[in-house]
Student: 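Have a look at the structure that comes next, please.
Remember, it's 1-based here, ligands and their atoms both numbered in the order they're listed.
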Amino acid sequence: MLPKVMTIFGTRPEAIKMAPLVKALQASPHLQAVTCVTAQHREMLDQVLDLFAITPDYDLDIMRQRQSLNGTLRRALAGLEEVFEQENPDLVLVHGDTLTTFAGALAAFYRKTAVGHVEAGLRTFDKYLPYPEEINRRLTGVLTDLHFAPTSVARDHLLAEGVSPESIFVTGNTVIDALRTTVQDDYTFTCPQLRQLDPALRTIVVTLHRRENWGEPIAAACRAIKRLLQEVPDAQAVFPVHLNPVVRETVVASLGEQERVLLIEPLIATDYHNLLARSYLVLSDSGGVQEEAPSLGKPVLVVRTVTERPEAVAAGTVRLVGIDETDIYNAAFNLLTDQAAYQAMAQAKNPYGDGHASERIVKAIEYHFGLNSTRPEDYV
Ligand code: UD1
Ligand code: UDP
């Protein structure tokens with residue numbers, strides 16, 4: 001019997017980052033791959049499953065409109081208990097810091113099933129920033145047997161917490177594996193509104209959704225965008241709005257009727273990645289985009305006060321601008337009007353991986369099961 005490895009994910013970013021790994025696990029002759037989605041997100045998850053042609057073996061379909069943290073966690077745990085009962089996996093793989101991540105790790109631990117954590121070791125050391133993700137990933141780390149840290153910074157956080165070096169593998173981030181397959185010079189957008197964008201205008205790509213930014217911080221960022229477009233006539237904003245109704249209400253109320261602002265539905269990842277590649281700059285509170293845009297040479301202004309992804313800040317391509325309207329406006333205005341400031345940030349830097357993270361993770365899992373005698377080299 002081959003060791004059975006069950007991959008669990010539920011939201012859009014987990015799906016994008018787990019898709020390359022699911023493919024790599026399925027390609028391994030030494031492992032049996034099973035895929036379970038909680039569907040903490042429904043439409044935004046299905047977009048990714050369709051794009052990467054992944055048909056999950058289990059779909060818990062737990063999403064509710066305006067779901068609460070406890071309710072989501074409860075539905076995920078209940079569904080996973082049944083799936084584990086049926087499949088009895090040898091190893092469970094979770095990703096990142098969502099409710100699905102923590103639920104997968106906890107439900108596996110209660111069965112004494114080994115847990116592998118992909119994108120392990122990210123920390124802000126602030127309990128409420130981001131909320132509740134910082135605590136979700138710390139709790140998941142406690143339950144984890146195999147830590148797949150994307151960078152040496154993440155590995156060092158784990159070591160400082162007393163995690164055994166033997167159980168940590170530095171792999172790079174699987175998002176770079178995904179990005180290598182999606183960005184193409186001759187790409188044609190599937191979204192008709194993107195095909196109609198005025199090429200003479202410089203595009204600011206915007207996404208906002210974090211719980212700690214609900215309400216005033218998102219409203220402040222929207223006001224900053226309005227002011228920017230008044231001052232900079234050759235700029236436009238493209239804003240794929242998260243399906244969360246709490247986010248939509250604020251964004252549509254503020255930017256719904258604005259000239260040179262395109263509010264659109266969430267894009268499929270290929271459209272979004274190629275939009276990033278053709279953009280001028282990015283304004284976002286997303287985690288994933290802080291990893292994607294730097295490798296495309298696009299400056300990212302992060303609408304947050306702290307980040308668990310310091311590597312691109314250190315490399316100079318990501319800047320934390322906070323949640324104050326004037327600070328956001330000033331930072332973006334500066335990049336739109338000062339070429340030297342723009343060039344200083346628009347350097348293609350990629351501290352997050354070489355596109356082979358999934359292969360390293362599969363090798364590490366094979367090594368864990370004694371199917372491979374050499375430990376994979378860490379990504380440096
Ligand atoms: C969750 C994750 C967050 C991640 C984000 C990615 C947690 C605690 N948070 O955010 O870490 O950055 O996903 O986007 O796990 N909705 C839909 N259709 C969808 C997706 C969402 O209608 O396909 C709506 C639903 O009303 C849902 C709401 O959005 O209740 C919020 O979804 P949820 O997964 O709870 O979002 P967050 O916790 O904000
Ligand atoms: N993304 C996408 N379509 C969009 C906006 C974002 O496919 O319209 C992708 C993006 O490339 C990144 C991921 O979604 O890989 C980020 O998801 P999100 O911002 O929802 O979550 P976070 O990364 O903050 O957890």
Student: My understanding is that we take every heavy atom of each candidate and find the minimum distance to atom 16 (N) of ligand 1. Doing that for R42, R12, H41, M63, which one comes out nearest?
Tutor: M63
Student: Using distance alone, with no hydrogens and no angle criterion, decide if Q40 and T100 have a side-chain donor and acceptor under 3.5 Å apart.
Tutor: yes
Student: Using a strict threshold of under 4.0 Å (side-chain N to carboxylate O), is an ion pair present between E325 and R227?
Tutor: yes
Student: Give the residue, atom name and distance (to 0.1 Å) of the protein heavy atom nearest atom 1 (N) of ligand 2.
Tutor: Y272 CD2, 3.5 Å
Student: Counting only heavy atoms, which portion of R211 has something under 4.0 Å from ligand 1: side chain, backbone, both, or neither?
Tutor: side chain
Student: Can you tell me which residue and heavy atom of the protein come closest to atom 23 (O) of ligand 2, and the distance to 0.1 Å?
Tutor: G288 N, 2.8 Å
Student: Does K127 pair with E134 as a salt bridge, N-O distance under 4.0 Å?
Tutor: no
Student: With a 4.0 Å cut-off on heavy atoms, is M44 in contact with ligand 2?
Tutor: no
Student: Check each heavy atom of E133 against ligand 1 and say whether those closer than 4.0 Å belong to the side chain, the backbone, both or neither.
Tutor: side chain
Student: Between D177 and K23, does at least one N-O distance fall below 4.0 Å, as a salt bridge requires?
Tutor: no
Student: Among all protein heavy atoms, pick out the one at the shortest distance from atom 18 (N) of ligand 1; state its residue, atom name and that distance to 0.1 Å.
Tutor: E43 OE1, 2.7 Å
Student: Taking only heavy atoms of G287, which atoms of ligand 2 are found under 4.0 Å from at least one of them?
Tutor: 22 (P), 23 (O), 24 (O)
Student: If you measure every N or O of L45 against every N or O of ligand 1, does any of those distances drop under 3.5 Å?
Tutor: no
Student: For atom 12 (C) of ligand 2, what is the closest protein heavy atom, and at what distance to 0.1 Å?
Tutor: E292 OE2, 3.2 Å
Student: Among all protein heavy atoms in this structure, tell me which lies nearest to atom 5 (C) of ligand 1, with the distance rounded to 0.1 Å.
Tutor: H209 NE2, 3.6 Å
Student: For P245, which part has a heavy atom under 4.0 Å from ligand 1: side chain, backbone, both, or neither?
Tutor: side chain
Student: Is V289 close enough to touch ligand 2? Criterion: a residue heavy atom under 4.0 Å from a ligand atom.
Tutor: no
Student: Could you identify the single nearest non-hydrogen protein atom to atom 29 (O) of ligand 1 and state the distance to 0.1 Å?
Tutor: N244 CA, 3.2 Å
Student: Which ligand 1 atoms, with their elements, are less than 4.0 angstrom from a heavy-atom of P132?
Tutor: 8 (C)
Student: Which protein non-hydrogen atom lies closest to atom 25 (O) of ligand 2, naming both residue and atom, and how far is it?
Tutor: P13 CG, 3.4 Å
Student: When the ring planes of Y367 and F169 are compared, do they come out parallel, tilted or perpendicular, using 30° and 60° as the limits?
Tutor: perpendicular
Student: With distance as the sole test, does T144 use its side chain to make a donor-acceptor pair with the main-chain N or O of H147 at under 3.5 Å?
Tutor: no
Student: For the residue pair S284 and T207, confirm or rule out a side-chain donor-acceptor distance under 3.5 Å.
Tutor: yes
Student: Nearest to atom 16 (C) of ligand 2, what protein heavy atom do you find, and at what distance?
Tutor: S286 OG, 3.7 Å
Student: Mark up the atoms of ligand 2 that fall under 4.0 Å of a heavy atom belonging to P266, in ascending order.
Tutor: 8 (O)
Student: Within ligand 1, which atoms have a heavy atom of H242 less than 4.0 Å away?
Tutor: 14 (O)
Student: Residue-level breakdown please: for P13 versus ligand 1, do any non-hydrogen atoms fall below 4.0 Å on the side chain, on the backbone, on both, or on neither?
Tutor: side chain
Student: With a cut-off of under 6.0 Å to the ring centre and 45° to the axis, is R360 in cation-pi contact with Y379?
Tutor: no
Student: How about F109: does its CZ atom have over 12 heavy atoms from other parts shown lying under 6.0 Å from it?
Tutor: no
Student: Backbone, side chain, both or neither: what part of R64 comes under 4.0 angstrom of ligand 1, heavy atoms only?
Tutor: backbone
Student: Who's the nearest protein heavy-atom neighbour of atom 2 (C) of ligand 2, and how far?
Tutor: L267 O, 3.5 Å
Student: Run the numbers for me: atoms of ligand 2, each under 4.0 Å from some heavy atom of P240, listed by number.
Tutor: 8 (O)
Student: Does K4 form a side-chain contact (heavy atoms from CB on, under 4.5 Å) with V34? I'd like the steps, not just the answer.
Tutor: CA-CA 7 Å; K4 188 184 284 185; V34 180; 3.7 Å; yes
Student: Applying the side-chain contact (heavy atoms from CB on, under 4.5 Å) criterion to L283, which one of V302, L301, L208 satisfies it?
Tutor: L301
Student: Can you list the ligand 2 atoms lying under 4.0 Å from a non-hydrogen atom of A269?
Tutor: 7 (O)
Student: In terms of residue, atom name and distance, what is the protein heavy atom nearest to atom 7 (C) of ligand 1?
Tutor: Q40 NE2, 3.6 Å
Student: Taking both backbone and side-chain atoms of W214, is any N or O found less than 3.5 Å from an N or O belonging to ligand 1?
Tutor: no
Student: Identify the closest protein heavy atom to atom 26 (O) of ligand 1: which residue and atom is it, and at what distance?
Tutor: Q65 OE1, 2.6 Å
Student: Would you call E311 and K349 a salt bridge, using N to O less than 4.0 angstrom?
Tutor: no
Student: Heavy-atom contacts with Q67 under 4.0 Å: which atoms of ligand 1 show up? List them by number with element.
Tutor: 27 (C), 30 (O), 32 (O), 33 (P), 34 (O), 35 (O)
Student: Report the nearest protein non-hydrogen atom to atom 20 (O) of ligand 2: residue, atom name, distance rounded to 0.1 Å.
Tutor: R12 NH2, 2.9 Å
Student: Under 6.0 Å from the CD atom of Q347, do we count more than 12 heavy atoms belonging to anything else shown?
Tutor: yes
Student: Please state which protein non-hydrogen atom is closest to atom 23 (O) of ligand 1 and give its distance, to 0.1 Å?
Tutor: M44 N, 2.9 Å
Student: Please check: side-chain N/O of D271 versus main-chain N/O of C191, any donor-acceptor pairing under 3.5 Å?
Tutor: yes
Student: Is the count of non-hydrogen atoms from other residues, nucleotides or ligands lying under 6.0 Å from E82 atom CD greater than 12?
Tutor: no
Student: Do we see a donor-acceptor contact under 3.5 Å between the side chains of Y187 and T270?
Tutor: yes
Student: Counting only heavy atoms not in D198, do more than 12 fall under 6.0 Å of its CG?
Tutor: yes
Student: Tell me the contacting part of R210 for ligand 2: side chain, backbone, both, or neither, using a 4.0 Å heavy-atom threshold, strictly below.
Tutor: side chain
Student: Between S286 and ligand 1, find which residue part has any heavy-atom pair under 4.0 Å and reply side chain, backbone, both or neither.
Tutor: neither
Student: Report, in ascending order of atom number, the atoms of ligand 2 lying under 4.0 Å from any heavy atom of H273.
Tutor: 11 (O)
Student: Among all protein heavy atoms, pick out the one at the shortest distance from atom 9 (C) of ligand 2; state its residue, atom name and that distance to 0.1 Å.
Tutor: I16 CD1, 3.5 Å
Student: Whether K226 and E231 form a salt bridge (side-chain N of Lys/Arg under 4.0 Å from carboxylate O of Asp/Glu) is what I want to check.
Tutor: no
Student: Please determine if R210 forms a cation-pi arrangement with Y131, meaning its NZ or CZ atom is less than 6.0 Å from the six-membered ring centre and no more than 45° off the ring axis.
Tutor: no
